[in-house]
Structures are given as C-alpha cells and as structure tokens.
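For reference, the structure discussed in these notes is given below.
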Amino acid sequence: MQGKRVSKYKVEFDRTGKMKVPAALYASESLKIEDSAIRQLLDAAALTGVRKVIGTPDLHHGYGVPIGSVVALEGTICPAAVGYDINCGMRLLTTPLERGDVDVVEMTQSLRRDIPLGEGKSNVRMNKNDFRLVLEKGVSALREIKRKDHRVWEGFNLDETHADMQAIEEHGSMDGDTAAVSERAFERGISQLATLGGGNHFIEIQVVERVLDEKIGERFGLHPNQIVVMIHSGSRGLGHEIGGHYMRISKQKTRDSSPNPSLTYLPLDDREAQRYIKAMHAAANFAFVNRHLMAALVRKNFRHEFGDIAMPTVYDVPHNMAKLETHGGEDYWVHRKGATRAFDAARMKDTPYADVGQPVLIPGSMGTASYVLVGTPTADESLFSVNHGAGRTMSRTAATGRRPGWGKRRREKRQEAAISDSDFKRAMRGIHLVCADKRSIKEEAPQAYKDIDEVIETVVGADLAVAVARLKPLAVLKG
DNA sequence: ATGTGC
C-alpha cells in the first residue's frame with residue numbers, strides 16, 4: 001500500500017479519497033502487514049467524527065475495522081471498532097515459586113478440572129439477580145452477592161477481591177445496564193462465568209526468563225526464574241451477542257453515511273449509541289469478573305499444592321474496548337480493538353502504579369514468549385496504546401487446511417494444511433499443551449503468527465512502551 | 001472472537 005516510511009518503526013498515510021484524517025502505522029519494515037488490513041485502517045479514517053487512526057504492529061484483517069487498531073471518535077461511537085469479544089483482555093498473577101517447584105503437567109490437569117476450556121462451555125450458573133448485579137457493577141458486585149447461600153460459589157475464595165480491584169483497569173467495574181442487554185445475550189452469559197473460551201484464549205504457566213528493567217520489574221513483583229500465570233479471556237457468548245447486535249443496529253442506521261457496510265457507526269445523540277455504551281460496559285464487567293473468577297480457581301489449585309502462598313494480580317488489562325479519554329485537551333471515544341492501553345505514570349493516578357506507569361501485558365502466540373512492558377509519556381502519539389499480541393500471518397482456515405463452512409462442505413477434499421504435524425510438534429517442544437479441540441489447535445500454531453520479538457522491537461523502538469520482562473511458557477491450556 | 005450459519 002502507498003504510505004511513506006517516516007522512521008524505522010512508523011509509516012504514515014496521507015489523506016486520500018474519503019479520509020478525514022491521516023493514519024499512522026507502527027511497524028518495522030520486516031513486519032509484513034496485509035494490504036486488506038491497511039485498507040480497513042484507511043477506511044476507518046473516513047468515519048464520521050474521526051479524529052485519529054493508528055495501526056499497531058500486530059495489525060491484521062478483522063470485521064469492518066482491523067484488529068490491532070486505535071480509532072478516536074468525537075460525537076460518534078463504532079461497535080465494529082471494539083469488535084465481538086468486548087473486553088477481551090489479559091491478567092497476570094505472580095507466585096513466590098521458582099521453576100522446578102511446580103509439576104506443570106499435574107497443575108495443568110487440576111486446572112483443567114476446574115476451568116472449562118473451549119466454545120459453548122458453562123461453569124458458574126448464577127441466579128438472575130446476582131448476574132444482573134455482575135453486569136451492572138462488575139468485580140465490585142462480588143462483594144455484594146451473598147455467596148454463602150449458593151452452592152455454585154463453592155471453591156471460590158474471593159477474599160482478595162478488594163486488593164485485586166486496585167490492579168484492574170477501571171477497578172474491574174464499569175457503569176453497565178442490563179436494560180441495554182438483549183435477553184438472548186443475558187441467557188447466553190448467565191452460565192458462562194469462569195470459562196476460558198476458545199480461539200486464542202489461554203491460561204499459561206510461565207517462567208520469567210529475563211527481567212529487562214530491573215527497577216520496574218521489582219516494582220511489578222517480577223524476578224528471573226519465577227513462576228507466573230497469565231490468563232487471556234473475554235466476555236464469551238454475552239459480549240459476542242452484544243457486539244453483533246449493535247453492529248447490526250449501526251448498519252441499519254448509518255450504512256449510507258459510512259465508509260462501507262461493515263464499518264458503520266452510531267451518533268452519540270442517538271439513543272442506541274447510549275444503549276451500546278451501557279451494554280458494552282455490561283460485557284466489560286462480565287469479562288473482568290470472568291478473568292477474576294478464573295484467577296480465583298488458579299489460586300485455589302496452586303494453594304492446594306503449595307499452601308497459603310501470595311499470588312497477587314500484577315494487572316488486568318482489556319484490549320477490546322472503547323473509552324472516553326482526554327488527549328491533548330480534547331475528549332475522544334478511544335476505540336482499541338486488539339490494542340492495549342499503555343498509560344504513563346501521570347495517567348495512573350489513584351492506582352498502585354502512579355509512580356511507574358501501567359503494566360502492559362502482551363502475549364505472544366502459543367509456545368512463544370510473552371512480554372510485560374510499562375507505559376511511557378512518549379506514547380502520547382499513539383494515544384497511549386500498543387498492540388495486543390503477535391498478530392496473525394495466516395488465516396485460521398489456512399493454518400489447519402480446513403475449509404470455511406465445514407458443515408455443508410464436509411465431502412470436499414481438505415486443503416493441504418500449511419502447517420505439518422511435525423512442524424507443529426517442533427514448535428511446541430518442551431511446552432505442555434492441554435486443549436479442548438485437537439482438530440483446530442493448529443489455528444493457533446506459532447507458525448500462524450508473527451514473531452513476537454520483532455513486534456515488541458517496534459513498540460519499544462517507537463517509544464510506545466518500555467520492556468520490563470520476557471516470559472516463557474511452560475504449560476498452556478487452550479480452548 | 002462465536003452454541004463458527006439462513
């Protein structure tokens with residue numbers, strides 16, 4: 001695509017055609033970004049109310065808006081720029097344990113017994129009033145629910161909820177409204193709390209391989225050879241239903257004034273825009289609680305094995321969310337889709353990280369490293385945002401060799417899988433893998449993703465964040 | 001991402 005490289009790590013796209021603002025893409029020359037994703041990014045620069053459009057180094061094709069993008073709007077909101085998995089995000093727990101202390105095969109097995117993996121799974125079946133409270137208040141609802149009365153809460157020790165809330169973006173509680181959530185979404189969600197989901201979602205037992213910034217590493221409670229646990233999950237069927245619902249409504253309303261039929265928006269003065277915001281917050285609350293409950297189950301299993309050890313939350317950070325933020329004196333709805341907020345110290349007031357900046361959690365693909373970084377003041381040019389992962393290089397269907405629409409085309413010959421069994425095994429050597437669906441696991445093969453180290457090089461080289469630690473997976477649970 | 005969809 002046309003676009004001029006202005007530095008080793010940044011490409012700029014001038015206004016052309018219907019674009020209302022220029023766009024910027026952070027990516028080194030070696031990171032190949034697909035043309036279709038760039039075209040989607042430039043289309044986003046034509047949205048009504050657009051003020052800023054940024055692509056991060058894991059940019060790839062998504063529905064309407066590319067994954068890995070940041071879109072700032074004024075007076076409008078865009079459900080497709082948040083995506084289907086509202087408040088998909090990361091949580092990192094530390095332990096006082098060292099590599100060698102943990103039998104990861106055994107630990108993975110016991111986690112699997114407690115946490116359902118894969119699509120369509122259920123776990124905590126809540127009553128309607130309690131679930132409504134979760135959607136409206138998020139993690140803080142857990143302090144109000146009378147858990148002793150319900151068998152579903154057996155095994156969940158939530159004594160650390162207050163401490164955890166300090167280390168969750170928005171304290172894990174946004175202003176949600178059940179009235180904006182369809183009955184269908186509500187019914188899908190009510191039994192799905194404390195489930196991992198599928199796709200790229202995972203729980204990993206990792207070891208801190210290298211601390212790259214000792215002072216901040218120590219501040220985050222990280223040291224070499226330490227065992228940590230990373231959780232990647234979202235709002236499951238509930239968020240998917242809400243995202244899809246409001247994408248359909250925005251398509252009905254603004255199709256004619258939008259860049260294309262899958263990239264539509266809602267004016268903020270429209271009642272449906274206000275309902276979307278409340279429903280998005282409800283889904284965000286669900287996802288915060290979902291990760292929080294899985295963290296409780298992780299703690300339960302570690303403590304069963306190792307006694308009453310401390311397992312604090314370093315941070316819990318969404319990477320699919322729209323938020324009203326002030327940048328350069330202007331108020332924007334900042335949409336991050338597959339992009340992680342990376343606030344500097346000044347923007348972390350009233351959090352435990354007001355002195356250092358926000359912990360930023362970026363997972364690699366399955367079987368490769370993950371990174372912990374910290375926000376920096378120089379990230380103002382990306383609206384304090386970085387990528388959310390390695391980014392795909394291969395579609396799901398290409399990676400497995402399966403054709404899309406499997407059900408009705410069963411008789412057709414399979415395409416040749418781009419990734420052979422032996423290549424997959426080699427990439428996963430030394431890592432214990434437990435997954436719900438063996439047939440589709442190659443969708444998540446390391447070979448289907450970009451090199452996480454190259455992606456991080458761009459983020460750090462462009463001064464969007466500072467690297468703090470590199471984590472290596474020992475065991476991974478997948479959907 | 002998702003009880004992979006009309």
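In what follows, chains are A, B, ... by sequence order, proteins preceding strands, each numbered from 1.
Looking at residues two or more places apart in sequence or on another chain, you find a side chain to side chain contact (heavy atoms under 4.5 Å, CB included) between A/L158 and A/L142, A/R147, A/W153, A/F156, A/T161, A/H292, A/L293, A/A296. A/S173 meets the side-chain hydrogen bond (donor to acceptor under 3.5 Å, both in side chains) test with A/S140; sequence neighbours excluded.
Contact check, A/R236 against B/dT2: a side-chain N or O comes under 4.0 Å of OP1 or OP2.
For A/E444 and B/dT2, the CD to P distance is 11 Å, given to the nearest whole Å. The distance from atom NE2 of A/H240 to atom P of B/dG5 is 7 Å, rounded to the nearest whole Å. A straight line from CZ of A/R184 to C1' of B/dG5 spans 12 Å, rounded to a whole angstrom. Following rounding to the nearest Å, A/K478 (NZ) and B/dT2 (C1') show an atom-to-atom distance of 15 Å. Rounded to whole Å, the distance from CZ on A/R396 to P on B/dT4 is 14 Å. The interatomic distance linking A/H232 (NE2) with B/dT2 (P) rounds to 9 Å, in whole Å. The distance from atom CG of A/N320 to atom P of B/dT2 is 11 Å, rounded to the nearest whole Å. Spacing between atom NZ of A/K121 and atom C1' of B/dT2 amounts to 13 Å, rounded to whole angstrom units.
Nucleic acid contact class of A/G199 (heavy atoms, under 4.0 Å, all strands): sugar-phosphate only. Here A/E443 lies out of heavy-atom contact (under 4.0 Å) with every strand. Contact annotation for A/G239: no contact, since no heavy-atom pair falls under 4.0 Å across all strands. Residue A/G83 is classed as having no contact, given no heavy-atom separation below 4.0 Å to the nucleic acid.
At a threshold of 4.0 Å, the pair A/E381-A/K52 does not count as salt-bridged, since none of the basic side-chain nitrogens sits closer than that to a carboxylate oxygen.
Two residues are said to be in side-chain contact when any heavy atoms from C-beta on lie closer than 4.5 Å; A/R392 and A/S395 fail this criterion.
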